[in-house]
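Below: one structure, written as structure tokens.
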Amino acid sequence: MFSSPAFFRTIAETGGSMASKKQSAESEALLPIRHSTAHVMAEAVLSLFPGAQIAIGPAIEDGFYYDFDLPQSIKPEDLEQVEEKMKEIINGKHDFIKSVVSKEEARKIFSDQPYKLELLEDLPEDEEVSIYRQNSFVDLCRGPHVENTRELNSGAFKLLSVAGAYWRGDENRTMLQRIYGTAWKTPKELKAYLSRLKEIEARDHRKLGKELDLFSLHEDAGSGLVYWHPKGSRIRLAIEDFWRWEHLAGGYEVLYTPHVGKSTLWETSGHLSFYNDNMYAPMDIDGQDYYVKPMNCPFHIKIYQSDIRSYRDLPLRWAELGTVYRYERSGVLHGLMRVRGFTQDDAHIFCTPDQIEDEILEVLRFSLRIWKTFGFEDIKAYLATRPPEKSVGDDEDWKTATDSLKRAIELEGLEFEMDEGGGAFYGPKIDLKVNDALGREWQMTTIQFDFNLPERFGMTFVDKDGNEKRPFMVHRALLGSLERFFGVLIEHYGGAFPVWLAPVQVQVIPVAPAFEDYARQVKQAFTAAGLRTDADLSSQRMNAKIRLAQQQKVPYMAIVGEKEAETGQVSFRMRSGAKKNGIPLDEAVSEIKNAAESRSSVDPGAESGAPAAEK
RNA sequence: GCCAGAAUAGCUCAGCGGCAGAGCAGCUCACUCGUAAUGAGCAGGUCGUCGGUUCAAUUCCGACUUCUGGCUCCA
């Protein structure tokens, strides 16, 4: 466990684990269909690729896959042929026949399927195993399956992609070829699913990031490093301003710490021995090794240790937007979601053991409030407890910590799941997963106890009785990393940010060049009110300007022409398509200002029922 | 890192063993316009990099770089 980045694993993951979708009751009902379709696909592949060996083929969220060891590589173009063969098999109305056989018999049946034989070896010797047959195909399988291929709809499945996958997920073993597919009860459901995939594609933050000119990545200048463009930076500023203000109001102090530190610091923290694989190579400064920081915690601890701390000083809540760098393998990098350099919205809470319960409750409340402001209402908690293998800290502390985490979740009435033994070796934790507008679940917030670092650094506070004691330490990453959070935010809103976050809150559009002067005045009025405003004074026609602003998903367009210039008014066209003509300028200013200050996620004009036009 | 696919103008993409293409964006000019594209013209490229095959390579082959999809779901 210690060889992989299991050390500080979840903190590391706030750098970006991919989203997985919520498991719904409905998809469980689809399980036999998907699993059976996987078997049908395996049969089709075996008949089209003689000599193919089969590995495993489970049903997964939204579909299924099957892993093969094929004599030649399968290409995406081959999928169509496999699909045709599958339809043929399905239409053959074959029964799925279960039989229970001894392991010995199973070995004979799968004598030409080495992967199945290996799976057999892992099963208890005395136990019987079940096999499923349909048509010409037989698989070692626990089931369940549908009874007959007629229960599969030949128009309700689709093969989606081919990919490499290691046998048993172990990168030291054979690379198999995996075919992913999806299967549903009816063609209509398949269609709905495929259009969902399309919607996900349309909201892809990499695509929107380009279209809305928010950020870029430059392979030639280094993979996994994010460049924030002016418009993306405007959003980040709005996020950070809100973040800082909330933290200060919530009793946090904001810190700034260095980007690099001497090797001794990382030796003390243990990062060099446990997290080395994810750290960048040291740089030599005056004969000393300095490392770019992969985490902020040691620096916060140094600040803690810059003075003697009394129990009266605690709790200390210290937050930092700390930019860290971690080596990620090239194949896992993904837009803003998985990067090599990112800014964590980190915080560390140092407190006495009897303060811990209040502190945890407070940090949880704080996190939920922030998430709601960003428009994420559907949040689930995962409580991870002490791992059975090696871990640090004494039982009593673990119990206090775990109890306080659990109580906080219950007090907040959060839906939660227990992850028994899923904690890091250094402490229990709560992870918060948020659901976005498309129902995808993202692991974002992590609140983790740490019984390791205070020990390693020998942190103390002087208690009432005059004795030096060990403080409790809690790591908290709320949004995770600003980069990844930005990616999630872009996809959540599909680029149509709420007014308080929109890079351009109002776009002033003159109907003709004659009204450019008035457009400038209007822009000035909005700008003076602290609104992010652009005026489109290009030589294009008004319709083209509106189209552009609409494509840029600007929430308000202020259209000005003769009528407006004469009366000191503007006319609104909202991103939602709603229109509102002849508004006095000062009213227009305060309307947008109110929308921004309320930090509402409701789209302006949406209440009037006009749907957001999408072209 | 590994498997598969990909890399052509700022963007989206077509093409192909024999002169490098389109739309959008950009620039210039004209149009003076009321809620999703006014028109015309111009400019824009070492076809990712290096090597090989060939009379000839953007095209075929190889290596490298980078990107994309995957590498957790267990018979």
Side-chain angles (χ1 to χ4, degrees), chain A residues 17-18 20 23 31 35 54-65 67 69-70 73-78 103 106 110 113 115-123 127 129-132 139-143 160-180 204 206-207 210-211 213 216-224 277 327-335 509-516 538-552 557-564 571-575 577-581 613-615:
Chain A
S17 59
M18 271 302 292
S20 69
Q23 184 84 27
L31 228 92
H35 197 170
I54 53 173
I56 56 166
I60 53 170
E61 187 65 39
D62 293 336
F64 60 89
Y65 67 79
D67 286 346
D69 195 347
L70 299 176
S73 63
I74 187 164
K75 296 190 191 71
E77 305 90 84
D78 299 328
K103 272 188 77 173
F110 297 107
Q113 290 294 347
Y115 296 99
K116 292 292 172 190
L117 291 176
E118 188 183 325
L119 292 171
L120 270 172
E121 287 325 299
D122 291 349
L123 298 171
E127 221 170 80
V129 298
S130 63
I131 60 172
Y132 277 84
D139 199 354
L140 176 67
C141 178
R142 192 159 47 190
L160 298 173
S161 61
V162 288
Y166 297 104
W167 169 232
R168 311 200 117 182
D170 180 346
E171 63 185 34
N172 298 311
R173 309 197 64 174
T174 322
M175 173 66 72
L176 303 170
Q177 297 185 62
R178 175 172 296 181
I179 304 178
Y180 281 97
D204 190 309
R206 294 166 300 181
K207 183 171 173 271
K210 210 173 269 177
E211 286 171 6
D213 196 15
S216 57
L217 295 148
H218 299 265
E219 307 85 66
D220 54 336
S223 307
D277 288 352
Y327 172 72
E328 297 280 0
R329 295 199 292 179
S330 61
V332 305
L333 298 174
H334 177 88
I509 297 176
V511 305
F515 312 107
E516 283 179 6
S538 68
S539 63
Q540 295 175 98
R541 278 155 194 256
M542 182 200 62
N543 275 333
K545 293 179 183 184
I546 288 170
R547 181 166 185 266
L548 187 68
Q550 198 77 54
Q551 283 173 333
Q552 289 294 303
M557 281 163 252
I559 296 176
V560 295
E562 195 176 354
K563 275 177 269 172
E564 288 81 3
S571 289
F572 275 160
R573 178 196 165 94
M574 260 73 93
R575 172 171 68 192
K579 290 167 204 167
K580 213 163 157 187
N581 293 334
E614 200 70 52
K615 241 187 158 178

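Order of the sequence lines sets the chain letters (A, B, ...), proteins ahead of strands, with each chain counted from 1.
- When the C1' atom of B:rC3 is taken as reference, atom CD of A:Q177 falls 8 Å away, rounded to whole Å.
- Note: CZ (A:F515) to C1' (B:rU32) measures 9 Å, nearest angstrom.
- The side chain of A:H334 places an N or O atom within less than 4.0 Å of a non-bridging phosphate oxygen (OP1 or OP2) of B:rG69.
- In this structure, A:R173 reaches neither bases nor backbone, as no heavy-atom distance under 4.0 Å exists between it and the strands shown.
- Note: CD (A:E564) to C1' (B:rG34) measures 8 Å, nearest angstrom.
- Atom-to-atom distance recorded for A:I54:CD1 and A:F110:CZ is 6.5 Å, nearest 0.5 angstrom.
- Note on A:K545: nothing from the nucleic acid sits closer than 4.0 angstrom, heavy atoms only.
- When heavy atoms are screened at a 4.0 angstrom cut-off, A:A544 is found touching the sugar-phosphate backbone but no base atom.
- The CD atom of A:Q113 lies 9.5 Å from the CG atom of A:D69; values are rounded to the nearest 0.5 Å.
- Phosphate proximity of B:rU68 to A:R206: present, with a side-chain N or O under 4.0 Å from OP1 or OP2.
- Across all strands, A:G331 comes closer than 4.0 Å to base atoms (heavy-atom distances).
- Contacts of A:N581 with the nucleic acid, taken as non-hydrogen atoms under 4.0 Å apart, include base atoms.
- A:E118 comes within 4.0 angstrom of no nucleic acid atom, judged by non-hydrogen atoms across all strands.
- At the heavy-atom level, A:S223 lies under 4.0 Å from the strands shown only through sugar-phosphate atoms.
- Put simply, A:Y180 has no side-chain N or O that comes within less than 4.0 Å of OP1 or OP2 on B:rG69.
- Contact annotation for A:L140: base contact, defined as any heavy-atom pair under 4.0 Å involving a base atom.
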Query - Test log, rule salt bridge (charged side-chain N to carboxylate O under 4.0 Å, His left out), inputs A:D204 and A:R206 - result: CA-CA 5 Å; A:D204 190 309; A:R206 294 166 300 181; 2.5 Å; yes
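- Atom OH in A:Y166 sits roughly 3 Å away from atom C1' in B:rC2 (whole-Å rounding).
- Among the protein residues, A:R178 comes within range of the sugar-phosphate backbone only, with heavy atoms under 4.0 Å from sugar or phosphate atoms but none that close to a base.
- A side-chain N or O of A:E564 and one of A:S571 form a donor-acceptor pair less than 3.5 Å apart.
- One distance of note links CG of A:N172 with CH2 of A:W167; it measures 15.0 Å at 0.5 Å rounding.
- Atom CG of A:L123 and atom C1' of B:rC74 are 11 Å apart (whole Å).
- In this structure, A:R573 does not reach the B:rU35 phosphate: none of its side-chain N or O atoms is under 4.0 Å from OP1 or OP2.
- B:rA36 atom P lies 9 Å from atom CE of A:M557, rounded to whole Å.
- At the phosphate of B:rG1, OP1 or OP2 sits under 4.0 Å from a side-chain N or O atom of A:S330.
- Counting to the nearest Å, the C1' atom of B:rG1 and the CD atom of A:E328 are 13 Å from each other.
- Separation of the P atoms belonging to B:rG1 and B:rA57 is 32 Å when rounded to the nearest angstrom.
- Rounded to a whole Å, the CD atom of A:E562 is 11 Å from the C1' atom of B:rG34.
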